[in-house]
Structures are given as structure tokens and as C-alpha cells.
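Letters A, B, ... mirror the listed sequences (proteins, then strands); counts begin at 1.
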Protein chains: 2
Amino acid sequence: MSDDHDLGPLEAHYCFTAYKLNRAFARFYQTVFGDTGLTYPKYVILNVLSESGPLSISQLSERAGVENNTLSPLLKRMASFGVLARERDPDDERRVVITLTEMGRTALDAARTAVASGFAELGLDPEEVKRSITYMGHAQAKLEKAKPAKLTMAALMGKTD
Amino acid sequence: MSDDHDLGPLEAHYCFTAYKLNRAFARFYQTVFGDTGLTYPKYVILNVLSESGPLSISQLSERAGVENNTLSPLLKRMASFGVLARERDPDDERRVVITLTEMGRTALDAARTAVASGFAELGLDPEEVKRSITYMGHAQAKLEKAKPAKLTMAALMGKTD
DNA sequence: CAACTTTACATCGTATGCGAACTATTCGTT
DNA sequence: AACGAATAGTTCGCATACGATGTAAAGTTG
């Protein structure tokens, strides 16, 4: 959609811009990762594990910003691919500990190099990016605190009672 | 993930921030729309149709920023819900023309009111939002032009040949 | 007019995201 | 020791996103 269109308030436009930017990034990563089986969420997880060391699924959920119910199947696929290992914590069997494997480290190194190479050619303005990150962080914090009223089916249909 | 973590270059951080902001917005809309069956992509489509009048699927794809192969099933669901109508163009039977129904207009009005109400409570800084939109637009344009090299399976596995 | 190319849309297969509900384990209270 | 609450993770069902492929219709060329 051209930016001539007005989706309503400024927030709606902001949302739509974030929607398009997110998918532009998704496509960029999809192109870089090609047919390797790697995806952006998997890449994020590998990075988090590389920096933090082994984590429980809940900890990983928190650091990677991915829901538990998204992580469970995702981590199972990654484990069967061989980039990480899942193990029940013997001290607390509710927990599963996720550890990067050697193959995972190798894959991450290669992925990081490919991504960095692609980003180097983008030519983004570092000052704009830094400011944008800060502003987006503000917006995200406020959105997560919001408690908007729910639309009902009756209201959607224009029925008043 | 806390922003202490460094995903690598500034671009990677930017991507992760966009990823989280997009999902924060998605959740916000999901909360507002509740069990009505409405979703953010459907909301965008209704808005585009409301402002542009009837469009072909390709035109809608372009204005809503949604791929044709995502739109086809989406529009079928929306048509069976009753908010829009699909009709083959008699002049060019390759094309399907999408038209908002009266029910669609009513639903969109209600949705816009609910969304605006939720946004009104957010308290975002208008100047930050405007700048952010501009910067994100720049980034999106560059990402869409990028032609990054693809990672191969061999490179992922650390094999040199 | 036939053959080929292009365009528009649809389907397939697989990916993720998330609300809801479920199962298993641990912790706290009585 | 028994029971309920809380925690951790899993599964279900449905949503979207998109590369690849397929079908049908229109346009172009010789």
C-alpha cells in the first residue's frame, strides 16, 4: 500500500509501517538462509544460546521474546536437525534445558557471516537506526502495558442492545 | 530478550526490535478484536477497500502489502464471513474483483472505533512516531532492494570445498 | 489462426505465532 | 501425608506468510 493511504490515526500508520518493515526483514533473512532450513526465529534462538549458555525453555522464551507454545515445536525441530539438544533437568523434571551443539555453533558462525555480509550492503543510516530502535522500544513497552477494550460480535455487527 | 544482548551488527538489533514491535502490535489488535473473527491483515484489507473502492486481487495485494498467495485464501474466508464479495471480472476472467459489502462497512466502522479507543490510551509520542515511520520507511525500501548472497547447506555445515 | 508468452489467481507444503487447554512435576499449606 | 496451588512444558486448532507450482485467460507474434 502506498503511504498516501491513511489507515486512520497515526498509531495505525505506525503499526502498518512496522508490519511491512518486519516482513521486509523476514524476506531478507529468508533470502540469506535460502534452503538451509534456518529461519529468523531459529537464528535468534541460536544467538541467545550462544551468548547465554544453556537455558530452560522459559528462560529462552523470555530472552528470545518467543512464546513457550511457539518454542516447544520449534526447539524439537531444531533438535532433530542437530543444532541443539533438549534434556530434562534432573533436579526439576518440569524443566527442559536447551544446549547448543557443536553443529549449532558452526551453523551460527556461518549464518552470522552471511547475514553480516548482506547487511553491509544495505547502507542504512546508523543514526536513524539507533533513534528508530529507541522509539520502537518505547512504543513496544506501551503496547505491552495496554489493556484495550474488546470488541464484541454484537458491536461488530452494529447491533445496539 | 533484554536489550543487553547484542545480536551482532546494529541491523540485527534493528530487525529484532521491529520483530518485537510488530508482535506487540499484533497482540494489541488481537486483544481488541477478541473473538469477532477479525484479524490485523483482514482489518488492513477492509480499510484499503473502504478507501479505494472495488479492486482486483493484484491491486489489493499491492496496496495492502500482502502477497497474492496469502490473499486468495484470506479473501475467501472474508467472503464466506460476509464482509466482502468476490466476482470474476466479465471483461477479463483472469481477474477477481473484490467489493466491500454493507456488512463489511458496518464491521469496519465498529473495528475502527475500537482500535482508535485502544490507541487513544497508549500515549505514544507523536513526534517519535512520525520520525520512526520515516526511518522505518527508509529501511524497508533498502531491504526490498537488497540482493544478499544465499547461504548454502555446505557453508552452514562449515564445509570448504 | 496457431503457438507461445504473459498475466491473474489458486493451491500446496511448510514455516511461525498465539489463545486455550492439557499433563506432569514441584511447592506450600494444613 | 494429603491436597490444592503454582510452575513448566506440550498439544491443539486456527491464523498468517511465502516459495514453488499449477490452471485458466488474455496478449503477442509470425
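If you take NZ of K42(B) and C1' of dA15(D), they are 8 Å apart, rounded to a whole angstrom. D89(A) has its CG atom 15 Å from the C1' atom of dA24(C), to the nearest Å. Rounded to an integer number of Å, the gap from OH of Y43(B) to C1' of dA15(D) is 19 Å. Rounding to whole angstrom units, CG of residue N22(B) and P of dG17(C) are separated by 10 Å. Here dA10(C) presents its P atom at 8 Å from CD1 of I98(B), a figure rounded to the nearest Å. In this structure, the OH atom of Y19(A) is 14 Å from the P atom of dG17(C), given to the nearest Å. Atom CG in N68(A) sits about 14 Å away from atom C1' in dC22(C), given to the nearest Å. Per the geometry, CG belonging to D91(A) stands 10 Å off P belonging to dT26(C), to the nearest Å.
Side-chain N/O atoms of S72(B) include one lying less than 4.0 angstrom from OP1 or OP2 on dA10(C). Look at K76(A) and you'll find a side-chain N or O under 4.0 angstrom from OP1 or OP2 of dT11(D). For R23(A) and dC18(D), the shortest distance from a side-chain N or O to OP1 or OP2 is below 4.0 Å. The phosphate of dC9(C) (OP1 or OP2) has a side-chain N or O of S58(B) nearer than 4.0 angstrom. Taking side-chain N and O atoms only, R86(A) has a distance below 4.0 Å to OP1 or OP2 of dT10(D). Neither OP1 nor OP2 of dA15(C) sits under 4.0 Å from any side-chain N or O of Y40(A).
Two residues are said to be in side-chain contact when any heavy atoms from C-beta on lie closer than 4.5 Å; S58(B) and N68(B) meet this criterion. At least one side-chain heavy atom of L143(B) sits less than 4.5 Å from a side-chain heavy atom of F25(A). Between L74(B) and K42(B), some side-chain heavy-atom pair lies under the 4.5 Å cut-off.
Between the side chain of S61(A) and the backbone N or O of I57(A), no donor-acceptor pair lies under 3.5 Å. Using modelled atom types, no side-chain atom of T70(A) and backbone atom of V66(A) make a donor-acceptor pair closer than 3.5 Å.
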- Item | Under 4.0 Å protein heavy-atom contacts per nucleotide of nucleotides 19-24 of chain D, with B for base, S for backbone only and - for none | BB----
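Within 4.0 Å of F33(A), counting heavy atoms only, lies no atom of the nucleic acid at all. Using a 4.0 Å heavy-atom criterion, one finds that L74(B) contacts the sugar-phosphate atoms exclusively. T70(B) comes within 4.0 angstrom of a base, heavy atoms only.
Shown here are the ring pair (Phe, Tyr, Trp, His ring centres under 6.0 Å) partners of F119(B), two or more places apart in sequence or in another chain: F28(B), Y29(B).
Nearest-nucleotide assignment on DNA chain C puts the 5′-proximal partner with T39(A), out of T39(A) and D92(A). Comparing P90(B) and Q59(A) against DNA chain D, the residue whose closest nucleotide sits nearer the 5' end is Q59(A).
The residues R112(A) and E51(A) are annotated as salt-bridged, a charged nitrogen and a carboxylate oxygen being separated by less than 4.0 angstrom.
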- Go through L84(B) and I45(B) one step at a time and tell me if the side chain to side chain contact (heavy atoms under 4.5 Å, CB included) criterion holds. CA-CA 10 Å; L84(B) 53 77; I45(B) 288 163; 4.3 Å; yes
